[in-house]
Amino acid sequence: MQRTILFAKTYGILVVTVLLFVVLALTTEGFFTDRNMRNILDQQSGVLIAACFMTMAIIAGNFDISVGAVYVATPLVALLVENATGSIALGILAGLGAGAVMGAINGIAVTRLKVNSFIATLATSFVFFGTGYLVSDRSIMRPETDGWRDLARTRIFELTSATWIAIAVVILASVLLTRTRFGRNVYATGANREAARLAGVATDRVQMITFVLLAGAAALAGILGSSRAISAQPSDDFSFIFAVLTAVIVGGTSIAGGAGAIWRTVTAVFFLAFLSNGFNLHQIDPIWQRLIEGFVILIAVSIDAWSQRRSG
Amino acid sequence: MTTRVDTLLTLSGVGKTFGGTVALEGIDLSIETGKVHAFVGENGAGKSTLGKLIVGVHAPSAGRIALDGAEVHFASPAQALDHGLVGISQELSLMPQRTVLDNIALGREVMRGPFVDARATRAAVQAVMDRYDMQVDLDARVGDIPVVEQQKVEILRALSRDARLIVFDEPTARLPSDQVAPLLALVRQLAGAGKAVIYVSHFLEEILEATDTVTILRNGRHIRTGPTASETHETLVEGVTGSVLGEQYPEITAPDAAQAPVLSVRGLSRPGVFENVSFDIRPGEIVGLAGLVGSGRSEIARAILGADPATGEIRFNGGDTGRSIAARLAAGMAMIPENRREQGLMIDRPIVENVTLSHLRRFSGALGLDRRRERAEVTQQCTATGLKYNSLDDPAAALSGGNQQKILFARAALGDPALLIADEPTRGVDVGAKRSIYDLIAGLAARGKAILLISSELEEILGLSHRVIVVSRGRVAGELEGADLTESALMTAAFSGT
């Protein structure tokens with residue numbers, strides 16, 4: 001019984017995703033084609049980039065709602081600088097820098113002011129959304145340079161540059177989490193903060209870094225998004241954070257902290273993408289997609305809660 | 001006075017299996033009114049399970065239970081309660097936000113029509129308190145009163161339901177040491193009032209002190225039942241572990257008095273917690289830090305490690321220590337914290353990660369963690385520490401209390417520390433595993449490590465320490481050594497400031 005639960009928790013998402021893939025490939029015209037696969041990869045690149053570091057932040061014991069706002073606000077900062085200087089590099093730097101600052105604000109609120117991370121980042125979400133309206137003067141911003149659109153859309157070996165960047169980020173984040181001292185400290189901080197602190201882990205610094213990395217990743221995703229759309233506009237749109245959180249939770253990362261894996265989050269991103277792609281190809285009403293996605297989250301969280309109870 | 005003895009409860013051939021695991025087998029027992037009957041055994045011996053069978057938490061898989069000679073079957077604790085059998089467990093089942101009165105009266109409120117008659121309810125509860133001479137402030141919030149008073153509330157709740165048998169399951173496990181005696185008095189008082197009391201515990205001293213009859217359980221089997229008066233500490237240990245234990249404490253080698261101290265603490269203070277604490281520890285010396293719970297002993301230890309802020313001077317190996325915990329660990333300190341589950345272990349993480357948590361830097365290179373070398377060193381250290389496990393990838397939670405504690409010893413030893421602070425190193429550990437932990441401490445001292453030992457168990461302090469510093473109300477109340485180091489001297493000093 002215990003083993004079954006453990007197996008379901010560890011590999012369940014992989015089994016389900018492969019099954020879904022095989023079923024769709026066999027039954028659905030236009031699913032398993034080069035073009036469709038390339039499109040899915042390209043479309044998911046932003047979510048992948050942010051979800052890796054969201055996994056890390058949640059393992060360290062924190063939630064970050066503000067990722068949606070960072071995703072909206074930072075490309076506006078980037079384009080503001082790009083418009084003013086005509087330099088793509090300076091624009092990107094400004095966007096990523098703004099993301100890092102936003103992450104640091106979250107980190108300070110959680111580690112210094114000791115505000116619950118969910119509440120703290122809900123509050124900063126409004127600050128960051130507001131920042132987006134301020135820097136854009138409430139209007140759509142477009143890049144001055146032609147090169148901006150190539151950031152996400154350059155083709156390298158058939159795949160877009162956004163896809164390649166996402167692959168690089170996934171690998172980097174996985175290595176960081178599983179192969180380094182920092183990664184171990186992330187798990188320790190989430191598993192038992194006091195024990196980690198007494199064992200010499202700088203738990204505040206670890207949390208701070210996870211917030212900065214996550215907001216930086218969200219900024220990167222936002223900048224790539226603005227390149228794909230050749231524009232950016234201010235909004236109060238929380239949909240990006242919902243997509244990211246859904247992937248992390250369906251991937252079985254424990255919201256209690258201390259457990260989880262990036263490869264499972266990545267698998268879950270594709271599970272959700274296949275699901276929605278399959279619905280689209282079958283021309284099923286998007287409302288049904290929502291309903292099913294909701295149930296998928298509930299199932300994933302129930303498995304987590306159930307196994308917690310079993311082992312506790 | 002007559003010596004009439006009434007048998008309240010008879011168990012014959014009682015057994016319990018959980019899934020495929022046999023927790024209890026073939027238990028024959030009788031419980032008498034007016035007596036305190038102890039169930040003793042190691043963790044997993046089945047003593048708590050037996051208590052739970054009696055109060056209806058579990059149903060027996062085999063055998064029969066008879067109350068006043070008539071066979072009974074309880075499907076739930078509520079049914080057992082209807083027959084006057086009540087359990088008081090380690091985790092109290094009170095509502096901390098409500099008053100003492102509300103808690104005692106819960107479900108037994110005197111009603112007038114659809115409304116609670118507050119005055120009559122209060123009077124009824126007061127009558128119970130008077131009858132058993134147990135007074136608690138009825139208007140206090142339960143969450144605000146000490147644990148021993150909370151236990152009193154649970155007992156009163158049981159008594160107000162006309163309890164005939166009360167089962168205490170490890171009632172002192174969460175109790176500060178200075179509140180154990182009042183609880184034991186309470187237990188005696190219940191027996192004196194004609195109630196049957198079952199006292200489940202693995203604290204042998206308490207059993208010897210407060211019970212009339214003792215039943216020893218081992219691996220789910222009934223070893224023997226007899227009058228407590230005919231047992232001693234040694235016979236109980238023998239019965240519980242199934243082997244004759246040699247000396248309880250290992251031989252302690254005398255430290256070299258000529259060596260310079262490893263640790264020098266001067267004027268260490270933390271406002272409201274402890275004040276002007278000064279002492280030295282030399283290499284190879286085991287210094288006990290004794291005192292009542294709340295005297296500041298654990299807080300002093302934490303300040304030495306850098307976990308809490310404090311003023312004063314801490315010199316380590318003749319030098320400064322640095323401020324952060326990480327710096328002090330790197331300088332050669334190590335600590336086994338007071339509460340291994342809350343402060344020591346990542347209970348759901350693999351054993352290997354738990355052991356190396358403080359030492360990741362040494363396994364870190366340009367290519368990240370060298371996990372092969374990490375496993376090799378952990379394997380070696382676990383052998384040296386006597387830690388038994390199936391796989392290093394198992395979570396810490398899969399191990400027994402004693403082996404979990406050894407994870408923390410392995411972690412400490414991996415750093416080859418010059419000073420080990422061991423705070424309650426044997427809490428919640430089986431009798432058999434205790435000795436191996438004592439051996440580890442003595443072994444480290446013999447290899448020239450300085451040890452600061454904190455324990456609520458006086459015997460442990462007396463049995464292991466070369467020298468004892470007694471704290472009372474945050475101040476050093478005495479330093480005892482050699483012939484002066486006696487239990488009574490220690491207790492006198494511990495209570496001196498209070």
Side-chain angles (χ1 to χ4, degrees), chain A residues 1-7 9-10 58-61 111 171-206 252-262 304-312, chain B residues 19-20 301-302 305-308 322 324-331 333-350 352-371 374 393-398 407-408 411-412 414-415 421 423:
Chain A
M1 198 63 187
Q2 283 282 13
R3 289 191 182 281
T4 321
I5 295 167
L6 197 69
F7 183 85
K9 239 177 105 85
T10 313
I58 289 181
I59 290 173
T111 62
I171 293 171
L172 188 90
S174 303
V175 169
L176 193 61
L177 189 60
T178 59
R179 301 288 156 127
T180 68
R181 191 158 70 96
F182 171 73
R184 282 289 179 83
N185 288 343
V186 166
Y187 278 105
T189 301
N192 188 339
R193 195 170 302 161
E194 178 65 3
R197 193 175 81 89
L198 289 178
V201 177
T203 52
D204 281 356
R205 193 164 66 208
V206 168
T253 291
S254 166
I255 47 176
I262 286 176
D304 186 46
W306 191 48
S307 61
Q308 294 270 338
R309 212 162 49 237
R310 286 277 162 155
S311 59
Chain B
R302 288 171 60 90
L305 189 76
D308 293 333
S324 71
I325 297 174
R328 293 186 190 185
L329 292 173
M333 288 189 188
M335 179 159 94
I336 313 268
E338 186 179 8
N339 183 326
R340 69 171 165 268
R341 242 188 131 89
E342 280 167 24
Q343 303 166 333
L345 294 170
M346 306 178 285
I347 205 78
D348 292 322
R349 301 298 304 168
V352 58
E353 287 185 20
N354 271 288
V355 173
T356 54
L357 182 60
S358 301
H359 312 291
L360 292 170
R361 196 179 294 272
R362 64 195 266 196
F363 301 110
S364 264
L367 292 172
L369 289 173
D370 183 346
R371 294 193 291 184
E374 181 189 23
D393 297 318
D394 284 346
I407 291 181
L408 298 177
R411 183 195 291 170
L414 195 58
I421 302 167
D423 196 349

Checklist entry - Can you list the steps and then say if A:Glu194 with B:Glu342 is a side-chain contact (heavy atoms from CB on, under 4.5 Å)? => result CA-CA 7 Å; A:Glu194 178 65 3; B:Glu342 280 167 24; over 6 Å; no

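Smallest separation of non-hydrogen atoms from A:Gly200 and B:Ala326: O-CB, 3.4 Å. For the residue pair B:Leu357 and A:Ala195, the shortest heavy atom distance occurs at CD2-O, 4.3 Å. Among all heavy-atom pairs drawn from B:Thr356 and A:Arg184, the shortest one is OG1-NH1, 3.7 Å. Taking all atoms of both residues into account, the shortest heavy-atom contact from B:Pro337 to A:Leu198 is CB-CD1, 4.0 Å. Listed here is the closest heavy atom pair of B:Ser358 and A:Ala199: OG-O, 3.0 Å. The shortest heavy-atom contact between B:Met346 and A:Ala191 is CB-CB, 3.8 Å.
With a 4.5 Å cut-off on non-hydrogen atoms, B:Arg302 touches chain A through its side chain but not through its backbone. For a residue to count as touching a neighbouring chain, one of its non-hydrogen atoms must lie under 4.5 Å from one of that chain's; by this rule B:Leu329 touches chain A with the side chain only. Using a 4.5 Å cut-off between heavy atoms, B:Ser364 contacts chain A through its side chain alone, with no backbone atom that close. B:Arg371 touches chain A through its side chain: at least one heavy atom from C-beta onward sits under 4.5 Å away, while N, CA, C and O do not.
A:Arg197 places a side-chain N or O within donor-acceptor distance of the main-chain N or O of B:Ala307, the cut-off being under 3.5 Å. Counting only distance, with no hydrogens or angles, the side chain of A:Thr180 and the backbone of B:Gly368 share no donor-acceptor pair below 3.5 Å.
Annotation: side chain of B:Arg349 is in contact with side chain of A:Tyr187 (closest heavy-atom distance under 4.5 Å). Side-chain contact between B:Ile347 and A:Asn192: absent, with no pair of heavy atoms (C-beta onward) separated by less than 4.5 Å.
Ranked by heavy-atom pairs under 4.5 Å with chain A, the list B:Glu374, B:His359, B:Arg411 is led by B:Glu374.
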